[in-house]
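Quick note: residue numbers are just sequence positions, from 1.
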Amino acid sequence: MAENGTDCEQRRVGLAKEQHNGNFTDSSFLNEKKRRDREERQSIVLWRKPFITLQYFFLETLINLKEWSLKLWHRRGMVGSLLLLLSSLTVAYYIEGAHQQYVQYVEKKFLWCAYWVGLGILSSVGLGTGLHTFLLYLGPHIASVTLAAYECNSVNFPEPPYPDEIMCPDEEAIEGSISLWTIISKVRLEACMWGAGTAIGELPPYFMARAARMSGAEPDDEEYEEFEEMLEHAQTAQDFASRAKLAVQNLVQKVGFLGILACASIPNPLFDLAGITCGHFLVPFWTFFGATLIGKAIIKMHIQKLFVIITFSKHIVEQMVSLIGAIPSIGPSIQKPFQEYLEAQRKKLHHKTDTGAPQSENWLSWAFEKLVIIMVIYFVLSIINSMAQSYAKRVQQKKLSVEKTK
């Protein structure tokens with residue numbers, strides 16, 4: 001009897017879905033059509049269809065600008081208040097007076113924090129692919145501060161040029177006065193701001209899933225569609241990836257705040273699923289964002305900081321360079337550029353660089369700069385492709401709605 005009741009319920013849900021689509025369409029035909037549409041969208045990339053991709057990108061940009069303009073117009077009271085506040089701050093910024101020292105201090109701190117928050121948002125949002133800003137920006141910054149702290153025996157770097165450039169202070173410091181906690185405190189602000197940015201970047205999946213659940217509309221996101229399919233086939237999941245996703249979903253759904261905190265506190269590529277799960281099950285905003293902010297900006301960020309600081313501490317770096325030199329045949333040739341780079345950095349920290357003579361660029365610095373450029377270019381291209389594919393999905397949905405009305 002129970003099995004018959006379950007079968008009837010499944011048939012009823014299936015019939016309801018088919019009626020919602022306008023007629024009794026075969027589900028396999030719909031799945032095949034979705035698959036073809038997805039493959040067609042994924043083929044719209046700059047290196048395959050450059051003109052169509054650019055055209056769709058500009059059209060999607062115009063649509064987004066129109067939508068944002070309408071949203072701002074509907075909230076014109078709040079926008080007007082913000083503009084008034086901005087005008088008052090601008091006047092205070094340009095008027096001379098004793099307050100200018102405080103204005104300059106606030107400006108410096110605000111721009112520094114905004115820079116790292118922005119990089120954190122880019123790392124987790126990415127419109128399809130995140131820019132790995134920890135590896136490209138924050139990690140190297142922490143490593144530079146760590147190496148400089150051990151070389152200078154101090155973290156009181158002169159400002160300016162710090163943070164744009166690190167130099168040892170003129171006064172002599174006591175050998176061995178640098179501790180792990182001293183370096184952590186020096187980079188805490190930028191690390192926490194970056195972590196807060198990654199927490200902000202996790203909000204779009206949450207809001208998308210929450211809006212889809214509350215409105216009852218069909219989801220306009222492939223990750224959300226995958227999430228619903230995962231819930232439907234939860235009992236039959238066999239592969240490791242599906243089981244891992246289900247484990248994250250169950251942890252967040254059953255444990256709540258502490259489950260979200262646990263997922264956000266460790267490097268977790270499946271955290272987007274946690275945001276979708278919280279939105280789908282209508283978890284309160286401050287429960288989700290509060291746990292995410294604490295996990296990413298405080299707990300996870302301190303774990304990552306500790307890893308980088310320990311890895312780039314003076315004795316560890318010296319041991320790694322020695323081990324590189326011990327590699328048979330190629331070791332000494334690989335070890336030499338690392339030694340030259342470290343020696344150049346030491347001279348730079350102690351103001352011993354010869355400003356009159358041109359300095360030869362180490363190939364490690366050259367390679368890292370080119371890697372950053374390549375990653376940024378790839379990130380920009382991925383945004384263009386993603387927005388073009390979003391417009392293609394609009395076109396496909398419009399065609400589907402026209403077919404339903406016939």
Side-chain angles (χ1 to χ4, degrees), residues 56-128 130-131 133 189-190 192-217 219-221 224 275-276 278-279 282-294 296-297 379-380 383-384 386-388 390-391 393-394 397-398:
Y56 282 10
F57 165 72
F58 285 119
L59 291 172
E60 181 70 13
T61 302
L62 291 175
I63 291 173
N64 287 333
L65 288 174
K66 180 182 177 182
E67 290 176 352
W68 293 339
S69 300
L70 288 173
K71 288 178 181 178
L72 290 175
W73 175 251
H74 290 316
R75 294 170 175 81
R76 52 188 177 273
M78 183 176 66
V79 173
S81 301
L82 289 175
L83 289 175
L84 185 62
L85 176 62
L86 184 61
S87 301
S88 303
L89 293 174
T90 304
V91 171
Y93 181 81
Y94 284 105
I95 292 178
E96 295 293 335
H99 66 285
Q100 280 298 318
Q101 57 178 333
Y102 304 107
V103 170
Q104 291 173 4
Y105 176 80
V106 171
E107 178 192 17
K108 180 182 176 182
K109 289 296 182 183
F110 174 79
L111 293 177
W112 183 241
C113 293
Y115 173 75
W116 291 110
V117 169
L119 287 177
I121 293 173
L122 287 177
S123 182
S124 55
V125 174
L127 294 177
L131 181 66
T133 52
L189 177 62
E190 47 265 46
C192 290
M193 289 298 104
W194 185 87
T198 61
I200 295 170
E202 299 294 350
L203 292 178
Y206 169 82
F207 284 124
M208 176 272 302
R210 185 181 179 89
R213 180 67 184 272
M214 294 184 71
S215 64
D220 188 23
D221 185 88
Y224 187 71
I276 293 174
C278 292
L282 304 181
V283 173
F285 170 76
W286 286 112
T287 301
F288 169 72
F289 185 65
T292 304
L293 185 64
I294 294 171
K296 285 185 172 289
F379 177 68
V380 173
I383 290 177
I384 295 174
S386 179
M387 293 184 68
S390 296
Y391 183 79
K393 190 166 187 176
R394 291 178 189 269
Q397 289 177 337
K398 187 175 181 180

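Checked against a 6.0 Å centroid threshold, the rings of Phe58 and Tyr391 do not count as neighbours.
Here the CG atom belonging to Leu65 is positioned 11.0 Å from the CG atom belonging to Leu70, to the nearest 0.5 angstrom. How far CG of Leu84 is from CG of Leu89: 10.0 Å, rounded to the nearest 0.5 Å. Between the CD1 atom in Ile384 and the OG1 atom in Thr61 there is a gap of 8.5 Å [rounded to 0.5 Å]. Within the model, atoms NZ of Lys66 and NZ of Lys71 stand 13.5 Å from one another, a figure rounded to the nearest 0.5 Å. With rounding to the nearest 0.5 angstrom, the CE atom of Met193 is 15.0 Å from the OH atom of Tyr115. Between the CG atom in Leu72 and the NE2 atom in His74 there is a gap of 10.0 Å [rounded to 0.5 Å].
Ala92 approaches Val103 most closely through the heavy-atom pair O-CG2, 4.3 Å. Closest heavy-atom contact between Tyr93 and Gln100: O-NE2, 3.0 Å. What you find for Thr133 and Leu119 is that their closest heavy atoms are OG1-O, 2.8 Å. Contact record, Val283 with Phe288: CG1-N, 4.3 Å, taken as the closest heavy-atom pair. Smallest separation of non-hydrogen atoms from Ala297 and Cys192: O-SG, 3.4 Å. Closest non-hydrogen pair, Ser390 versus Glu60, comes out as CB-OE2, 3.7 Å.
Between the side chain of Thr90 and the backbone N or O of Leu86 there is at least one donor-acceptor pair closer than 3.5 Å.
Proximity of Ile63 to Arg394: side-chain heavy atoms (C-beta onward) are separated by under 4.5 Å at one or more points. Side-chain contact between Leu203 and Phe285 is present, with heavy atoms from C-beta onward closer than 4.5 Å.
By the 30° and 60° cut-offs, the orientation of the rings of Phe289 relative to Trp286 is perpendicular.
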